[in-house]
Structures are given as structure tokens and as C-alpha cells.
Amino acid sequence: MGGEGAIDGGVRRRGLTFRKNDFFPEESFKSWDNYARAIMETPWRLMDRVLSRSQDHTELVEMKARSSHEMKKTLNWWDLMWFGIGAVIGSGIFVLTGLEARKTVGPAVVLSYVVSGVSALFSVFCYTEFAVEIPVAGGSFAYLRVELGEFVAFIAAGNILLEYVIGGAAVARSWTSYFATLCGQHPDDFRIVVHNMNPNYGHLDPISIGVLIAITILAVYSTKGSSIFNFIATIFHLIVIAFIIIAGLTKANTENYIPFLPFEVRGVFKASAVLFFAYVGFDAVSTMAEETKNPARDIPIGLVGSMVITTFLYCALAVTLCLMQKYTDIDPDAPYSVAFSAVGMDWAKYIVAFGALKGMTTVLLVSAVGQARYLTHIARTHMMPPWFAHVDEKTGTPVNATISMLAATAVISFFTNLNILSNLLSISTLFIFMLVAVALLVRRYYSSGVTTKQNEMKLILCLVLILGSSCGISAYWASSDGWIGYAIFVPLWVLGTVVLWLCVPQAKQPKLWGVPLVPWLPSLSIAINIFLLGSIDKDSFIRFGVWTGLLLVYYVLLGLHASYDTAKGFESQKTSVDVDKQWNKAEEGAQGARGQVPLTAATTD
């Protein structure tokens, strides 16, 4: 199990080539009899995988060896910070701001960005500690495998991949909309409208596919090259953002801010759940930890720095838009371009459209880099076919995973409406961020062989209280305008966090960089993410449930047996190596003892 490179026989292998056993090489798939036997053993195998937890060393060394070649360490904190800014500032601010300000929250959209930004920053802290301690390409998948086990990690992994495919599709369609504005046309002028199809799926977008093909070529070619392109494009993008803020504020009208809360406080949080989409992308930076020169220094600066800058810019842009134009007049498709036209600066819409295109291009690029690294690490465990784990020797990039993920993104972007995409994306993102915060608490407060049974039970009780009370707050917010529910559930959340803080000793301290204010900050991250989930519409939850159900079917029929065979084969090999080492040590000891006999005899004589 040392890696797929071991079976290549020294022959150089390039991306997108296929070989026998590339997809399901495990014992369970070698014959129909083997597969039938594996299916019969499903309950026992499932229990084994649910209870199994990976180790830091396994993710850092053994998993990386399964990609044939290592990724090149070429990135520093400067690269990561610009990747973070480039990943996040794109379609969210240029599209969703206008949509939510007009229909959900009004001028108070700036507060929605603050709520989403604080929640995202809490999640950034949790991701940063993991990325520093476990700097691998798997990101949150690897973190969850270590702390919450393989089964939870797989469900999260499936939603991570969905998040990236949907996010990329949404941004690619927005790219077409702003390109149309730049050309002085309506977005549908560049789309193929099929009138007898559902309007949510009948506006076909061939331009988005062309954009994704160009991004794929760049992402496959070089990670450092992608970083340089991202830096240059993001600089241009920030210049355009500065222009929007300065020029827009010269046309500010404070009367447009009245009323500030037309949809009341509920609208602020409802919009926050959707606007969280605008912060998606920073998790892609954590997947680049494997290619970072000094993870302990570079990752905290890059991740936290990019999130703080992004949140400030989002709030400034939201304030500018609502001061330029009354929220009821904001255009939901191209808010900033239309706002400049409304105040007599029609020429400025072309600058805005150009900046938006630059921003969305960098978002697509960083997403392409991040999603491929997620899939690569998932495939290293064989939960996805190991063909996706191949890293090209020449480029040092995961070619197969990059092309496959962007092909799936292109299919979705060709058919699907942005509104459907953004709501479904927010569910996946919030769900995963919540799990990472839970995993951080488990990492700090539980260590096998260190944590006593009593403290383990306290930890479980506290987590149940924190999760249960957070769900209660979210459900009450979604269903009632009263206050009784908060009087019950908020104290329960505080109780769970306080007991964890005072009564359960931390079993593990971070070696290099740690989240401050544990357990308060991760617990608050859990509560905010679950709270925002309660503001998302029912249809999006149905789609989320259907996708998770499909993941379970795949896992039970294929992923479970592939990962089970791989894990058991590795354990067997590891045991064999350990036995050989012990036998060699015993042999050496015996030889040493035999070598001393004549010397002793000679001395006696």
C-alpha cells in the first residue's frame, strides 16, 4: 500500500491514462463472488468503518504516498492570502448582494454580511488549527477522518464535492451574465433558451463551459503559475472594488437607507444564510497546506488575513450599493452596473462588469485548485477510485481529479439557475463548517488512552447539549416570533459550553498554532452555523437530503468495501513489517550473544 507508483514498474505515467485496476482494485471487486461476500458482510464492515479513526501520521505520510508523486511545495503566506481573497470575492458580492437587499433584507444587508463574516471567521480559526497540525491536501475531509471517523468524513466529503461543483457552476453562470453586460447585451442573449423546459433549467449556458475549460488548463499546468495569475487578477479586481466604493459614495443618498430594516431582524439572518455563499472559498486554501513551505506560519497569516480583508470589503460594498439606490430599485442580476447607470454614470457599468469578471475568474481558479485536492485525498483512502489520486510527475498537480471535477461543474453550469445553486450550496457549506468545529472540540478534549471514561462521557454530554440547543434555537427561530424558546435553549447552550470549559480537561494541546478561547469559539461556531441553516428554504433541504441519500447508497455499495479492503490490507502489511523488524532485532541480538561466547570462554581459560 505504499502507493500506486509501486505498480508502475518504473514507467512514466501521465494524467488521464487508464490502467487495469485503476478504479476498483480492491479484493471485494475482483469477482462477483467476492462482491457478494462483501455485501453480506456490510453490517460488520460498516460498524468497523464508523468506529475507525485515522491518525495524524497516516494522513501526513501514508496517504500522501498513494499519489505516486508528491505535490511541489511552492507556496508561502503571501500566496495563500491572495488565494484566499481571490477565492472569496466574486459572484457573492456582485450578484447576491442585490438579490438579498431587494427581496429579503433591504439596506441592512451590511448586517447580514457582518453575521456571515463572523461565522466564517470562527470557521477559519477552526480550519487553521487543523491545517497547521495536519497540512495535507484533504482539508476538512482529512480533519474529520482523524477526529470523527471515516463514515462522517465520507458524508462530509460528498457534500464538499457537491459544494465545489455547485459553487463553480454558479460562478460560471454569473461570469456569463457580467460578460453580457460588458458587451452591452442581456445575459439571455448569450444563452440558449429552451422554452418547453423548466425555466430553472432551460437557459443553457455554453459560455460558462468555455470559461471552465480555460480554468482547467491553467489549474492543471502549475499551482505556482495559478498563484501568479491569481495575484495579478486579484490586484486588478481590488482596484475596481476601490473604484466602486469611492465613485459610488460620491453619489450617496442617505434617504435610500430609510427604512433600514424593512424586513425586520428576521430578514437579516435569513439573508445571512444565503450570503454565506459569498464567503465560500477559504476552505480551498486549507487544501493547499500540502504545497505550503511553512504551514505553521503561512496558513494562519494567509487564512485569517484574507478573511478579515474580505469581510471589510464586503461591508463597504454593501453600504455603497444601498446608499446609491433604494433597495426596491436594486437590480437583482447586475446590481452595481445598474446602480451606476441610475445615478448618471452609465459608463461605469463597464468597469464594474470587467472587475466582476476578473473576480469570478479567480474564484473559479482557486476553486478548481481546491476541489481537485479534496478529491485527490478522498481517493487516497479508496472511498473514491484511486485513479483520481494520481499526481502528475511533471506538473506536480492532480490532473485526473482537476479535469473530472471541472467536467462535472461544466455540466451543472450549462443547465441550472443561480438561485437554486446558491441556496443548496449554503446548506452544504454550513453543515461542513459545523462538523469541523465539532471535530476541533473532539481533538482538544479527547485522546485515546489519555481521556478517562468519565471525562469521555462528560464530553459526549456537552456536545449533545451544544448541538441539541443550537438545533432548538434554529428551529424556534424558523417557526416562531416569540421568546420562550430562546429562554430555554440559550441557557442549555451556555451550560454545555461552561461544563466543557470547567469540568473536562483538555487532552491535547496544539503544537504550533491553536484556536483561541476554546471551547467558546468552536461552540459559538457550531451554534451560528446551525442557526443559519434554519433560515434556508425547505426545497433546498430536500435536495440536500436526496444528495446525502445518494451518497449513502454509493458508500454502502462501493465506497465502504473499497476503503475497508484498503485499510485492512494496509494494517496487515504494517503488522507484517513490524513483525519483520522485531524478528530482525531478535536475530541481531542472538548473533551478538553468540559472538560473545568464544570471548568469554577464552577469558575464562
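Fair warning: this is a prediction, and the values are worked out from it, not measured in the lab.
- Counting non-hydrogen atoms of neighbouring residues, nucleotides and ligands closer than 6.0 angstrom, the NZ atom of Lys508 exceeds 12 such neighbours.
- Test Trp547, Phe544, Phe541 against Phe431 for ring-ring contact (aromatic ring centres under 6.0 Å, His included) and you get one pass: Phe544.
- Pro259 and Lys326 make their closest contact through CD-NZ, 4.1 Å (heavy atoms, listed as atom of the first residue, atom of the second, distance).
- In this structure, the side chain of Thr548 does not engage the main chain of Gly545 through any donor-acceptor pair within 3.5 Å.
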Derivation of the side-chain hydrogen bond (donor to acceptor under 3.5 Å, both in side chains) call for Tyr374 and Ser140: CA-CA 8 Å; Tyr374 266 120; Ser140 53; 3.0 Å; yes
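- When atom types are taken as modelled, the side chain of Arg444 and the backbone of Val515 share a donor-acceptor pair closer than 3.5 angstrom.
- Centroid-to-centroid, the aromatic rings of Phe151 and Phe154 stay 6.0 Å apart or farther.
- Between the side chain of Arg173 and the backbone N or O of Ala169, no donor-acceptor pair lies under 3.5 Å.
- Note that CD1 of Ile309 and CD1 of Ile85 are 4.0 Å apart. Values are rounded to the nearest 0.5 Å.
- Between Leu317 and Thr97, every side-chain heavy-atom pair lies at or beyond the 4.5 Å cut-off.
- Side-chain atoms of Glu133 come within 3.5 Å of backbone atoms of Lys511 as a donor-acceptor pair (strictly under, hydrogens ignored).
- Heavy-atom minimum distance, Pro510 versus Glu129: CB-OE2, 4.0 Å.
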CA sep, side-chain torsions, deciding dist, call: Ser367, Gln371, side-chain hydrogen bond (donor to acceptor under 3.5 Å, both in side chains): CA-CA 6 Å; Ser367 295; Gln371 67 192 9; 5.8 Å; no
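- A pairwise comparison of heavy atoms in Cys322 and Gly106 identifies SG-O, 4.2 Å as the closest pair.
- Considering CG of Leu275 and CG of Leu111, their distance stands at 11.5 Å, rounded to 0.5 Å.
- Taking OH of Tyr327 as the reference point, atom CD of Glu100 lies at 14.0 Å (rounded to 0.5 Å).
- Looking only at side-chain heavy atoms (C-beta outward), Arg49 and Met383 stay at 4.5 Å or farther from each other.
- Side-chain contact annotation: Trp513 with Thr128, donor-acceptor N/O pair under 3.5 Å absent.
- To the nearest 0.5 Å, atom SG of residue Cys503 and atom OH of residue Tyr445 are 10.5 Å apart.
- Here the closest heavy-atom approach between residue Ser523 and residue Thr497 is recorded as OG-OG1, 2.8 Å.
- Residues Asn529 and Ser123 are in side-chain contact: their nearest non-hydrogen atoms beyond the backbone lie under 4.5 Å apart.
- The closest donor-acceptor contact from the side chain of Thr311 to the backbone of Met307 lies under 3.5 Å.
- Looking only at distances, no side-chain donor or acceptor of Ser286 sits under 3.5 Å from a matching main-chain atom of Ala131.
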Verdict with supporting geometry, Glu150 and Tyr555, side-chain hydrogen bond (donor to acceptor under 3.5 Å, both in side chains): CA-CA 11 Å; Glu150 181 178 287; Tyr555 185 71; 3.2 Å; yes
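- Ring planes of Trp477 and Phe269: perpendicular class, angle over 60° (limits at 30 and 60°).
- Val105 has its side chain within reach of Val268: a pair of non-hydrogen atoms, C-beta onward, lies under 4.5 Å apart.
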From CA spacing to verdict: side-chain contact (heavy atoms from CB on, under 4.5 Å), Trp493, Leu465: CA-CA 6 Å; Trp493 175 83; Leu465 274 175; over 6 Å; no
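- Between the Ser116 side chain and the Ser272 main chain, a donor and an acceptor come within less than 3.5 Å of each other.
- Here the closest non-hydrogen pair linking Cys315 and Val114 is SG-CG2, 3.7 Å.
- Of all heavy-atom pairs spanning Pro295 and Ala289, the tightest one is CG-O, 4.2 Å.
- No donor-acceptor distance shorter than 3.5 angstrom exists from the side chain of Ser525 to the backbone of Leu521, with no hydrogens or angles considered.
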Chi angles and distances behind the ring pair (Phe, Tyr, Trp, His ring centres under 6.0 Å) call for Tyr127, Phe130: CA-CA 5 Å; Tyr127 266 83; Phe130 274 118; 8.0 Å; no
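- Side-chain contact between Glu147 and Tyr446 is absent, with no heavy atoms from C-beta onward closer than 4.5 Å.
- Put simply, CE on Met405 and CG on Leu161 are 4.5 Å apart, with the number rounded to the nearest 0.5 Å.
- You'll find the side chain of Leu303 stays beyond 4.5 Å of the side chain of Leu80, heavy atoms only.
- Counting heavy atoms from C-beta outward, Ile244 and Val240 have side chains that approach closer than 4.5 Å.
- Although no hydrogens or angles enter the test, the distance criterion places a donor-acceptor pair under 3.5 Å between the side chain of Thr362 and the main chain of Gly86.
- A ring-ring contact (aromatic ring centres under 6.0 Å, His included) with Tyr476 is found for one member of Trp483, Phe489, Tyr486 and no other, namely Tyr486.
- When the shell of 6.0 Å around CD of Gln509 is examined, it contains more than 12 heavy atoms from other residues, nucleotides or ligands.
- Once rounded to the nearest 0.5 Å, the distance linking CD1 of Ile412 with CG of Asp205 reads 13.0 Å.
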side-chain contact (heavy atoms from CB on, under 4.5 Å) between Asn159 and Leu551, intermediate numbers included: CA-CA 9 Å; Asn159 281 287; Leu551 288 176; 4.0 Å; yes
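- Judged by distance alone, the side chains of Thr320 and Tyr336 never bring a donor and an acceptor atom under 3.5 Å apart.
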Criterion side-chain contact (heavy atoms from CB on, under 4.5 Å) on Thr451 and Leu459, from CA distance to verdict: CA-CA 10 Å; Thr451 306; Leu459 172 61; 6.0 Å; no
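- Looking at heavy atoms from C-beta onward, Leu430 lies out of side-chain contact with Met434 at the 4.5 angstrom threshold.
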Phe433 and Phe122: CA distance, side-chain angles, deciding distance, ring pair (Phe, Tyr, Trp, His ring centres under 6.0 Å) verdict: CA-CA 9 Å; Phe433 289 176; Phe122 289 164; over 10 Å; no
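- Taking the six-membered ring for Trp and thresholds of 30 and 60 degrees, Trp501 and Trp520 have ring planes more than 60 degrees apart, a perpendicular arrangement.
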From CA spacing to verdict: side-chain contact (heavy atoms from CB on, under 4.5 Å), Thr104, Val109: CA-CA 9 Å; Thr104 310; Val109 66; over 6 Å; no
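- The closest donor-acceptor contact from the side chain of Asp48 to the backbone of Trp44 lies at 3.5 Å or more, if one exists at all.
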